[in-house]
There are 2 protein chains.
Amino acid sequence: MKTMTISKIAKEAGVGVETVRFYERKGLVDQPPKPSSGGFRVYPIETAEQIRFIRQAQELGFSLHEIKELLALRTDPTTDCADVREQAQTKLDEVKRKVAQMKGIQTALEKLIAACPGEGALQVCSIIDAIETPETNRTEQKNKEGEKS
Amino acid sequence: MKTMTISKIAKEAGVGVETVRFYERKGLVDQPPKPSSGGFRVYPIETAEQIRFIRQAQELGFSLHEIKELLALRTDPTTDCADVREQAQTKLDEVKRKVAQMKGIQTALEKLIAACPGEGALQVCSIIDAIETPETNRTEQKNKEGEKS
DNA sequence: CTTGACTCCGTACTACAGTACGGAGTGTAT
DNA sequence: ATACACTCCGTACTGTAGTACGGAGTCAAG
(Lines give C-alpha, C1' and ligand atoms only; values in the text may rest on other atoms or scores of the structure.)
Protein backbone atom coordinates (compact mmCIF):
# COMPACT_ATOMS: atom_id res chain seq x y z
CA MET A 1 0.00 0.00 0.00
CA LYS A 2 1.42 3.25 -1.25
CA THR A 3 1.44 6.45 0.68
CA MET A 4 -2.17 7.36 0.93
CA THR A 5 -2.63 10.79 -0.51
CA ILE A 6 -5.89 12.60 -0.36
CA SER A 7 -6.99 11.46 -3.79
CA LYS A 8 -6.33 7.82 -2.91
CA ILE A 9 -8.43 8.23 0.18
CA ALA A 10 -11.14 9.94 -1.79
CA LYS A 11 -11.20 7.16 -4.33
CA GLU A 12 -11.17 4.53 -1.61
CA ALA A 13 -14.11 6.21 0.04
CA GLY A 14 -15.96 6.84 -3.17
CA VAL A 15 -16.04 10.60 -2.85
CA GLY A 16 -14.21 13.50 -4.44
CA VAL A 17 -11.08 15.10 -3.11
CA GLU A 18 -12.99 18.27 -2.41
CA THR A 19 -15.42 16.38 -0.27
CA VAL A 20 -12.62 15.00 1.84
CA ARG A 21 -11.33 18.49 2.36
CA PHE A 22 -14.80 19.67 3.15
CA TYR A 23 -15.11 17.06 5.88
CA GLU A 24 -11.76 18.12 7.21
CA ARG A 25 -12.90 21.69 7.39
CA LYS A 26 -16.05 20.57 9.16
CA GLY A 27 -14.01 18.57 11.62
CA LEU A 28 -15.55 15.26 10.59
CA VAL A 29 -12.24 13.75 9.68
CA ASP A 30 -8.80 14.61 10.95
CA GLN A 31 -6.41 16.28 8.66
CA PRO A 32 -3.07 14.56 9.03
CA PRO A 33 -0.13 16.89 9.58
CA LYS A 34 2.09 17.81 6.72
CA PRO A 35 5.24 15.73 7.01
CA SER A 36 7.95 17.77 8.68
CA SER A 37 10.14 16.60 5.85
CA GLY A 38 7.86 18.54 3.57
CA GLY A 39 5.57 17.24 0.88
CA PHE A 40 2.00 16.00 0.89
CA ARG A 41 -0.12 14.87 3.76
CA VAL A 42 -0.26 11.14 4.33
CA TYR A 43 -3.58 9.66 5.35
CA PRO A 44 -4.26 6.54 7.37
CA ILE A 45 -6.60 4.12 5.60
CA GLU A 46 -9.06 4.52 8.44
CA THR A 47 -9.90 7.89 7.02
CA ALA A 48 -11.51 6.16 4.07
CA GLU A 49 -13.47 3.92 6.44
CA GLN A 50 -14.57 6.93 8.32
CA ILE A 51 -15.76 8.70 5.23
CA ARG A 52 -17.72 5.66 4.17
CA PHE A 53 -19.29 5.70 7.59
CA ILE A 54 -20.20 9.33 7.14
CA ARG A 55 -21.89 8.65 3.82
CA GLN A 56 -23.79 5.71 5.21
CA ALA A 57 -24.96 7.66 8.19
CA GLN A 58 -26.03 10.49 5.94
CA GLU A 59 -28.18 8.16 3.93
CA LEU A 60 -29.80 7.15 7.15
CA GLY A 61 -30.87 10.69 7.68
CA PHE A 62 -28.19 11.98 10.01
CA SER A 63 -26.89 15.44 9.39
CA LEU A 64 -23.17 16.05 9.31
CA HIS A 65 -23.54 17.66 12.68
CA GLU A 66 -25.12 14.56 14.16
CA ILE A 67 -22.56 12.37 12.51
CA LYS A 68 -19.85 14.42 14.09
CA GLU A 69 -21.37 13.67 17.47
CA LEU A 70 -21.62 10.01 16.58
CA LEU A 71 -17.96 9.99 15.66
CA ALA A 72 -17.09 11.78 18.84
CA LEU A 73 -18.42 8.82 20.78
CA ARG A 74 -15.82 6.70 19.14
CA THR A 75 -12.93 9.09 19.22
CA ASP A 76 -13.21 9.69 22.86
CA PRO A 77 -11.36 7.11 24.91
CA THR A 78 -10.09 9.88 27.10
CA THR A 79 -13.43 10.81 28.51
CA ASP A 80 -15.07 8.93 31.24
CA CYS A 81 -17.21 6.12 30.01
CA ALA A 82 -20.23 7.62 31.67
CA ASP A 83 -20.08 10.66 29.44
CA VAL A 84 -19.80 8.59 26.34
CA ARG A 85 -22.56 6.40 27.59
CA GLU A 86 -24.81 9.33 28.12
CA GLN A 87 -24.20 10.66 24.66
CA ALA A 88 -24.72 7.25 23.23
CA GLN A 89 -28.02 7.03 25.04
CA THR A 90 -29.09 10.37 23.62
CA LYS A 91 -28.17 9.22 20.15
CA LEU A 92 -29.94 5.96 20.72
CA ASP A 93 -33.13 7.76 21.57
CA GLU A 94 -32.72 9.84 18.48
CA VAL A 95 -32.13 6.80 16.34
CA LYS A 96 -35.11 5.04 17.79
CA ARG A 97 -37.23 8.02 17.01
CA LYS A 98 -35.97 8.04 13.48
CA VAL A 99 -36.59 4.35 13.03
CA ALA A 100 -40.12 4.81 14.25
CA GLN A 101 -40.67 7.70 11.90
CA MET A 102 -39.24 5.77 8.99
CA LYS A 103 -41.47 2.86 9.75
CA GLY A 104 -44.43 5.19 9.74
CA ILE A 105 -43.42 6.34 6.31
CA GLN A 106 -42.89 2.78 5.21
CA THR A 107 -46.32 1.76 6.37
CA ALA A 108 -47.89 4.75 4.72
CA LEU A 109 -46.23 3.96 1.43
CA GLU A 110 -47.13 0.30 1.67
CA LYS A 111 -50.73 1.16 2.23
CA LEU A 112 -50.71 3.49 -0.71
CA ILE A 113 -49.24 0.89 -2.98
CA ALA A 114 -51.51 -1.85 -1.76
CA ALA A 115 -54.55 0.29 -2.34
CA CYS A 116 -53.45 1.17 -5.83
CA PRO A 117 -55.14 -0.99 -8.44
CA GLY A 118 -51.92 -1.07 -10.44
CA GLU A 119 -53.33 0.33 -13.61
CA GLY A 120 -56.11 2.41 -14.92
CA ALA A 121 -56.96 6.04 -14.87
CA LEU A 122 -55.81 8.25 -12.10
CA GLN A 123 -59.33 8.97 -11.01
CA VAL A 124 -59.31 5.69 -9.22
CA CYS A 125 -55.74 5.89 -8.06
CA SER A 126 -55.84 6.20 -4.34
CA ILE A 127 -52.27 7.22 -3.73
CA ILE A 128 -52.79 10.87 -4.42
CA ASP A 129 -55.96 10.97 -2.39
CA ALA A 130 -54.31 9.14 0.41
CA ILE A 131 -51.60 11.70 0.66
CA GLU A 132 -54.15 14.43 0.42
CA THR A 133 -56.37 13.10 3.15
CA PRO A 134 -54.09 11.18 5.43
CA GLU A 135 -56.20 9.99 8.33
CA THR A 136 -53.62 7.30 8.64
CA ASN A 137 -50.78 9.49 9.70
CA ARG A 138 -52.07 12.40 11.58
CA THR A 139 -49.05 12.10 13.76
CA GLU A 140 -48.05 15.69 14.16
CA GLN A 141 -50.26 18.62 13.49
CA LYS A 142 -48.98 21.90 14.71
CA ASN A 143 -52.33 23.60 14.86
CA LYS A 144 -51.93 26.41 17.25
CA GLU A 145 -54.23 28.62 15.25
CA GLY A 146 -57.33 29.93 16.88
CA GLU A 147 -59.98 29.40 14.21
CA LYS A 148 -59.66 32.95 13.06
CA SER A 149 -61.74 32.39 9.96
CA MET B 1 -65.88 31.37 3.87
CA LYS B 2 -64.18 34.70 3.43
CA THR B 3 -62.28 35.65 0.33
CA MET B 4 -59.23 33.51 0.61
CA THR B 5 -56.19 35.69 0.65
CA ILE B 6 -52.71 34.28 0.72
CA SER B 7 -52.40 34.48 4.47
CA LYS B 8 -55.66 32.59 4.94
CA ILE B 9 -54.39 29.90 2.63
CA ALA B 10 -51.10 29.80 4.44
CA LYS B 11 -52.81 29.43 7.78
CA GLU B 12 -55.17 26.81 6.38
CA ALA B 13 -52.21 24.86 5.08
CA GLY B 14 -50.13 25.37 8.19
CA VAL B 15 -47.28 27.18 6.46
CA GLY B 16 -46.08 30.75 6.23
CA VAL B 17 -47.09 33.22 3.58
CA GLU B 18 -43.57 33.27 2.25
CA THR B 19 -43.66 29.54 1.82
CA VAL B 20 -46.80 29.78 -0.29
CA ARG B 21 -45.10 32.33 -2.48
CA PHE B 22 -42.05 30.13 -2.65
CA TYR B 23 -44.15 27.24 -3.91
CA GLU B 24 -45.72 29.55 -6.44
CA ARG B 25 -42.32 30.58 -7.70
CA LYS B 26 -41.31 26.95 -7.90
CA GLY B 27 -44.43 26.15 -9.85
CA LEU B 28 -45.76 23.78 -7.22
CA VAL B 29 -48.95 25.73 -6.77
CA ASP B 30 -50.72 28.01 -9.20
CA GLN B 31 -50.78 31.67 -8.51
CA PRO B 32 -54.31 32.93 -9.10
CA PRO B 33 -54.56 36.03 -11.30
CA LYS B 34 -54.97 39.41 -9.76
CA PRO B 35 -58.62 40.38 -10.06
CA SER B 36 -59.11 42.63 -13.08
CA SER B 37 -61.05 44.85 -10.74
CA GLY B 38 -57.80 45.33 -8.86
CA GLY B 39 -56.96 44.28 -5.35
CA PHE B 40 -55.53 41.10 -3.90
CA ARG B 41 -55.35 37.66 -5.41
CA VAL B 42 -58.11 35.32 -4.40
CA TYR B 43 -57.15 31.71 -3.81
CA PRO B 44 -59.29 28.65 -4.22
CA ILE B 45 -59.37 26.47 -1.10
CA GLU B 46 -57.81 23.67 -3.12
CA THR B 47 -54.57 25.56 -2.91
CA ALA B 48 -54.48 24.83 0.79
CA GLU B 49 -55.20 21.17 0.06
CA GLN B 50 -52.41 21.12 -2.42
CA ILE B 51 -49.95 22.62 0.00
CA ARG B 52 -50.91 20.06 2.60
CA PHE B 53 -50.30 17.44 -0.04
CA ILE B 54 -46.88 18.90 -0.65
CA ARG B 55 -45.99 18.79 3.03
CA GLN B 56 -47.27 15.27 3.42
CA ALA B 57 -45.31 14.09 0.43
CA GLN B 58 -42.24 15.79 1.82
CA GLU B 59 -42.62 13.86 5.02
CA LEU B 60 -42.76 10.72 2.94
CA GLY B 61 -39.34 11.63 1.69
CA PHE B 62 -40.16 13.18 -1.65
CA SER B 63 -38.25 16.25 -2.75
CA LEU B 64 -40.07 19.28 -4.07
CA HIS B 65 -38.95 18.29 -7.52
CA GLU B 66 -40.44 14.84 -7.16
CA ILE B 67 -43.58 16.32 -5.70
CA LYS B 68 -43.92 18.58 -8.67
CA GLU B 69 -43.84 15.52 -10.88
CA LEU B 70 -46.39 13.83 -8.70
CA LEU B 71 -48.63 16.86 -8.96
CA ALA B 72 -48.16 16.94 -12.71
CA LEU B 73 -49.23 13.32 -12.89
CA ARG B 74 -52.26 14.13 -10.88
CA THR B 75 -53.43 16.87 -13.18
CA ASP B 76 -52.67 14.91 -16.31
CA PRO B 77 -55.77 12.91 -17.26
CA THR B 78 -53.74 10.52 -19.35
CA THR B 79 -51.69 9.44 -16.38
CA ASP B 80 -51.87 5.81 -15.58
CA CYS B 81 -52.09 4.82 -12.00
CA ALA B 82 -49.09 2.60 -12.50
CA ASP B 83 -46.86 5.62 -12.95
CA VAL B 84 -47.75 6.97 -9.58
CA ARG B 85 -47.50 3.55 -8.06
CA GLU B 86 -44.04 3.11 -9.47
CA GLN B 87 -42.75 6.25 -7.85
CA ALA B 88 -44.23 5.20 -4.56
CA GLN B 89 -42.66 1.78 -4.89
CA THR B 90 -39.26 3.29 -5.53
CA LYS B 91 -39.57 5.39 -2.41
CA LEU B 92 -40.71 2.40 -0.44
CA ASP B 93 -37.65 0.39 -1.43
CA GLU B 94 -35.49 3.29 -0.39
CA VAL B 95 -37.20 3.61 2.94
CA LYS B 96 -37.01 -0.10 3.65
CA ARG B 97 -33.31 -0.15 3.04
CA LYS B 98 -32.87 2.79 5.33
CA VAL B 99 -34.87 1.27 8.13
CA ALA B 100 -32.74 -1.83 7.99
CA GLN B 101 -29.51 0.12 8.21
CA MET B 102 -30.84 2.36 10.88
CA LYS B 103 -31.56 -0.66 12.98
CA GLY B 104 -27.94 -1.63 12.54
CA ILE B 105 -26.93 1.62 14.14
CA GLN B 106 -29.49 1.18 16.84
CA THR B 107 -28.05 -2.20 17.70
CA ALA B 108 -24.56 -0.80 17.66
CA LEU B 109 -25.50 1.94 20.07
CA GLU B 110 -27.30 -0.49 22.32
CA LYS B 111 -24.26 -2.72 22.38
CA LEU B 112 -22.04 0.21 23.11
CA ILE B 113 -24.18 1.25 26.02
CA ALA B 114 -24.41 -2.28 27.32
CA ALA B 115 -20.67 -2.76 27.02
CA CYS B 116 -20.01 0.37 28.96
CA PRO B 117 -19.45 -0.55 32.57
CA GLY B 118 -20.70 2.81 33.74
CA GLU B 119 -17.35 4.34 34.33
CA GLY B 120 -13.78 3.99 33.29
CA ALA B 121 -12.13 4.30 29.95
CA LEU B 122 -13.75 3.00 26.86
CA GLN B 123 -11.55 1.08 24.48
CA VAL B 124 -13.59 0.66 21.42
CA CYS B 125 -16.83 1.91 20.15
CA SER B 126 -17.54 0.15 16.96
CA ILE B 127 -20.24 2.40 15.73
CA ILE B 128 -18.29 2.66 12.57
CA ASP B 129 -18.03 -1.08 12.26
CA ALA B 130 -21.75 -1.32 12.77
CA ILE B 131 -22.48 0.03 9.35
CA GLU B 132 -19.02 -0.09 7.95
CA THR B 133 -19.07 -3.80 7.24
CA PRO B 134 -22.54 -4.58 6.04
CA GLU B 135 -22.37 -7.02 3.14
CA THR B 136 -25.80 -5.69 2.40
CA ASN B 137 -24.66 -2.44 0.95
CA ARG B 138 -21.52 -2.89 -0.94
CA THR B 139 -23.68 -1.83 -3.80
CA GLU B 140 -21.66 0.80 -5.52
CA GLN B 141 -17.95 0.78 -5.56
CA LYS B 142 -16.63 2.93 -8.28
CA ASN B 143 -13.27 1.29 -8.44
CA LYS B 144 -12.14 1.91 -11.91
CA GLU B 145 -8.60 2.24 -10.75
CA GLY B 146 -6.18 -0.23 -12.14
CA GLU B 147 -4.27 -1.21 -9.05
CA LYS B 148 -1.97 1.67 -9.50
CA SER B 149 0.05 0.63 -6.51
C1' DC C 1 -60.00 59.76 6.28
C1' DT C 2 -56.58 58.03 8.79
C1' DT C 3 -54.48 54.05 10.83
C1' DG C 4 -53.10 49.56 10.92
C1' DA C 5 -53.03 45.17 8.90
C1' DC C 6 -52.34 42.83 5.04
C1' DT C 7 -50.72 42.10 -0.08
C1' DC C 8 -47.38 42.18 -3.73
C1' DC C 9 -42.95 41.77 -5.54
C1' DG C 10 -38.24 41.66 -5.86
C1' DT C 11 -34.17 40.94 -3.69
C1' DA C 12 -31.38 39.16 -0.27
C1' DC C 13 -30.20 36.19 3.29
C1' DT C 14 -29.93 31.55 5.93
C1' DA C 15 -28.42 26.69 6.58
C1' DC C 16 -26.84 22.57 4.70
C1' DA C 17 -23.89 19.88 1.83
C1' DG C 18 -21.15 19.98 -1.20
C1' DT C 19 -18.47 21.30 -6.03
C1' DA C 20 -15.43 24.12 -8.76
C1' DC C 21 -11.48 27.11 -9.61
C1' DG C 22 -7.02 28.97 -9.74
C1' DG C 23 -2.40 29.63 -8.61
C1' DA C 24 1.65 28.06 -6.28
C1' DG C 25 4.11 24.19 -4.60
C1' DT C 26 5.58 19.20 -4.93
C1' DG C 27 6.37 14.19 -6.75
C1' DT C 28 7.47 11.15 -10.15
C1' DA C 29 7.94 8.86 -14.68
C1' DT C 30 10.29 9.10 -18.78
C1' DA D 1 15.44 17.79 -16.17
C1' DT D 2 11.33 18.57 -17.64
C1' DA D 3 6.54 17.67 -18.32
C1' DC D 4 2.53 16.42 -16.15
C1' DA D 5 -0.15 14.96 -12.40
C1' DC D 6 -1.26 15.80 -8.07
C1' DT D 7 -1.49 18.65 -3.52
C1' DC D 8 -2.69 22.64 -0.86
C1' DC D 9 -5.47 26.41 0.31
C1' DG D 10 -8.60 30.00 -0.09
C1' DT D 11 -12.45 31.67 -2.16
C1' DA D 12 -16.42 31.35 -4.85
C1' DC D 13 -20.20 29.08 -6.81
C1' DT D 14 -24.19 25.42 -6.89
C1' DG D 15 -28.65 23.48 -5.51
C1' DT D 16 -32.35 22.75 -2.06
C1' DA D 17 -35.74 24.55 0.87
C1' DG D 18 -37.06 27.97 2.65
C1' DT D 19 -37.12 32.83 5.63
C1' DA D 20 -36.68 37.80 5.99
C1' DC D 21 -36.98 42.58 4.39
C1' DG D 22 -38.53 46.74 2.55
C1' DG D 23 -41.26 49.75 -0.06
C1' DA D 24 -45.45 50.55 -2.44
C1' DG D 25 -50.16 49.47 -2.90
C1' DT D 26 -54.80 48.05 -0.94
C1' DC D 27 -58.48 46.91 2.33
C1' DA D 28 -61.41 47.49 6.26
C1' DA D 29 -62.60 49.54 10.80
C1' DG D 30 -63.13 53.32 13.67
Side-chain angles (χ1 to χ4, degrees), chain A residues 2-43 47 50-71 142 145-146 148-149, chain B residues 2-43 47 50-71 142 145-146 148-149:
Chain A
K2 273 282 152 52
T3 49
M4 285 308 252
T5 58
I6 195 167
S7 65
K8 304 262 180 55
I9 287 296
K11 189 165 265 180
E12 246 319 279
V15 301
V17 168
E18 296 308 324
T19 302
V20 179
R21 284 199 216 288
F22 174 72
Y23 291 156
E24 287 175 348
R25 282 199 292 272
K26 287 278 152 180
L28 278 123
V29 310
D30 287 339
Q31 187 178 48
K34 276 211 266 195
S36 44
S37 45
F40 301 152
R41 295 177 199 283
V42 177
Y43 291 75
T47 302
Q50 192 157 334
I51 291 167
R52 273 199 292 266
F53 171 83
I54 293 167
R55 312 286 335 202
Q56 286 296 324
Q58 267 189 305
E59 278 198 33
L60 299 183
F62 292 97
S63 69
L64 291 188
H65 183 79
E66 290 171 322
I67 295 166
K68 195 174 172 182
E69 284 170 4
L70 235 29
L71 287 168
K142 53 192 75 170
E145 66 182 326
K148 211 192 95 181
S149 90
Chain B
K2 280 275 159 53
T3 49
M4 285 308 253
T5 59
I6 193 166
S7 65
K8 304 263 179 53
I9 288 294
K11 186 164 268 182
E12 246 317 281
V15 302
V17 168
E18 295 308 324
T19 301
V20 179
R21 285 199 216 288
F22 174 72
Y23 290 158
E24 286 176 348
R25 282 199 293 273
K26 286 279 152 180
L28 277 125
V29 310
D30 286 339
Q31 188 179 46
K34 275 212 269 197
S36 44
S37 45
F40 301 152
R41 295 177 198 283
V42 177
Y43 289 75
T47 301
Q50 191 155 336
I51 291 168
R52 273 201 292 268
F53 171 83
I54 292 166
R55 311 277 352 191
Q56 283 298 323
Q58 269 189 308
E59 280 196 31
L60 295 180
F62 293 94
S63 70
L64 290 188
H65 183 80
E66 290 170 323
I67 293 166
K68 195 174 173 184
E69 284 170 5
L70 237 30
L71 287 168
K142 53 192 75 172
E145 64 182 329
K148 214 189 81 180
S149 83

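A note on names: the letters A, B, ... follow the listed sequences, proteins ahead of strands, and every chain is numbered from 1. Bear in mind the structure is a predicted one, so any value in this text is a computation, not a measurement.
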Atom pairs under 3.5 Å: protein N/O with N/O of nucleotides 25-30 of chain D:
unit_1: D:dC27; atom_1: OP1; unit_2: B:Gly39; atom_2: N; d: 3.4

Atom [atom1] of [X] to atom [atom2] of [N]: distance rounded to whole Å?
{"X": "A:Glu24", "N": "D:dT7", "atom1": "CD", "atom2": "C1'", "value": "11 Å"}
{"X": "A:Met4", "N": "D:dC6", "atom1": "CE", "atom2": "P", "value": "14 Å"}
{"X": "B:Arg21", "N": "C:dT7", "atom1": "CZ", "atom2": "C1'", "value": "6 Å"}
{"X": "B:Ile9", "N": "C:dT7", "atom1": "CD1", "atom2": "C1'", "value": "14 Å"}

Task: For B:Glu18, side chain to side chain donor-acceptor pair (under 3.5 Å) partners two or more places apart - done: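 Expected list: none.
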
- [ ] Answer yes or no: is there a side-chain heavy-atom contact under 4.5 Å between A:Arg55 and A:Gln58?
- [x]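 With C-beta onward as the side chain, the pair touches.
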
Task: Any A:Leu71 side-chain heavy atom under 4.5 Å of A:Lys68 side chain - done: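 A side-chain contact under 4.5 Å is absent here.
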
TODO: Using only side-chain N and O atoms of A:Thr5, determine if any of them is under 4.0 Å from OP1 or OP2 of D:dT7.
DONE: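 Yes, within the criterion.
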
Task: Sugar-phosphate or base contact per nucleotide [nucleotides 14-19 of chain D; S, B, -; heavy atom under 4.0 Å] - done: ---BBB

- [ ] Give, for atom CD1 of B:Ile67 and atom CD of B:Glu69, the distance between the pair rounded to the nearest 0.5 Å.
- [x]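 Output value for this atom pair is 10.5 Å.
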
Open item on the list: Just to be sure I understand the rule, does A:Gln31 reach a base, reach only the sugar-phosphate, or reach nothing, if contact means heavy atoms closer than 4.0 Å?
Closed with: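 Sugar-phosphate only.
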
Task: Nucleotide of C:dC8, D:dC8, D:dT7 approaching B:Ile6 most closely (side-chain heavy atoms) - done: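 Among C:dC8, D:dC8, D:dT7, the one nearest the side chain of B:Ile6 is C:dC8.
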
- [ ] Check for a donor-acceptor pair, side chain of B:Arg52 on one end and backbone N or O of B:Glu12 on the other, with a separation under 3.5 Å.
- [x]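 The answer is yes, because a donor-acceptor pair under 3.5 Å joins these two groups.
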
Open item on the list: Strictly distance-based, threshold 3.5 Å: is any side-chain N or O of B:Glu59 a donor or acceptor partner for the main-chain N or O of B:Gln56?
Closed with: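 No, because the side chain of B:Glu59 does not come within donor-acceptor range (under 3.5 Å) of the backbone of B:Gln56.
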
TODO: Looking only at non-hydrogen atoms, find the nearest pair between A:Ala13 and A:Ile51 and report the distance.
DONE: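 In terms of heavy atoms, the two residues are closest at CB-CG2, 3.5 Å.
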
In residues 21-41 of chain B, what donor-acceptor pairs under 3.5 Å come from side-chain atoms, sequence neighbours left out?
unit_1: B:Glu24; atom_1: OE1; unit_2: B:Gln31; atom_2: NE2; d: 3.2
unit_1: B:Glu24; atom_1: OE2; unit_2: B:Tyr43; atom_2: OH; d: 2.6
unit_1: B:Arg41; atom_1: NH1; unit_2: B:Pro32; atom_2: O; d: 2.8

